[in-house]
Amino acid sequence: GIHTVLRPILAAKLLPAARLGRAIGRVAMFGLVMMATAPAVAGFVRDSAGLSALLWLLVTFNLCGLTIIWLLRPQPEVSP
């Protein structure tokens with residue numbers, strides 16, 4: 001959902017218009033490769049380390065993502 005909607009909006013806002021189509025394609029390719037690779041990696045982790053390890057890995061990645069979002073949040077401006 002969010003990835004599909006925000007990708008072209010952010011690309012249109014941040015990238016030069018002359019190369020917009022090519023840039024959106026590159027951004028989309030990265031997401032598609034990750035979505036294709038993730039199930040295979042998850043299966044490998046589950047087979048080698050077990051379901052508990054896979055679930056803890058998912059929790060860890062989600063916490064890292066939330067931390068990055070929190071660190072990059074807009075800061076309110078403080079008047080002197």
Suppose we screen for side-chain contact (heavy atoms from CB on, under 4.5 Å). Which residues come up paired with Leu55, at least two apart in sequence or across chains? Leu51, Leu58

Group every Ile, Leu, Val, Met, Phe, Trp and Tyr by side-chain heavy-atom contacts under 4.5 Å, then state whether Met35 and Met29 land in the same group. no

Within 6.0 Å of CD in Gln75, more than 12 heavy atoms from elsewhere: yes

Using the side-chain contact (heavy atoms from CB on, under 4.5 Å) criterion, which residues pair with Val78? Sequence neighbours excluded. none

With sequence neighbours excluded, tell me which residues meet side-chain contact (heavy atoms from CB on, under 4.5 Å) with Ile68. Leu72

Distance-only donor-acceptor pairs under 3.5 Å for side chains of residues 10-26, two or more places apart:
none

What pairs with Val27 under side-chain contact (heavy atoms from CB on, under 4.5 Å), at least two apart in sequence or on another chain? Arg7

Taking distance alone, no hydrogens or angles, what donor-acceptor pairs closer than 3.5 Å link side-chain atoms of residues 36-48 to residues at least two apart or in another chain?
residue, atom, partner, partner atom, Å
Thr37, OG1, Val33, O, 2.7
Ser48, OG, Phe44, O, 2.4

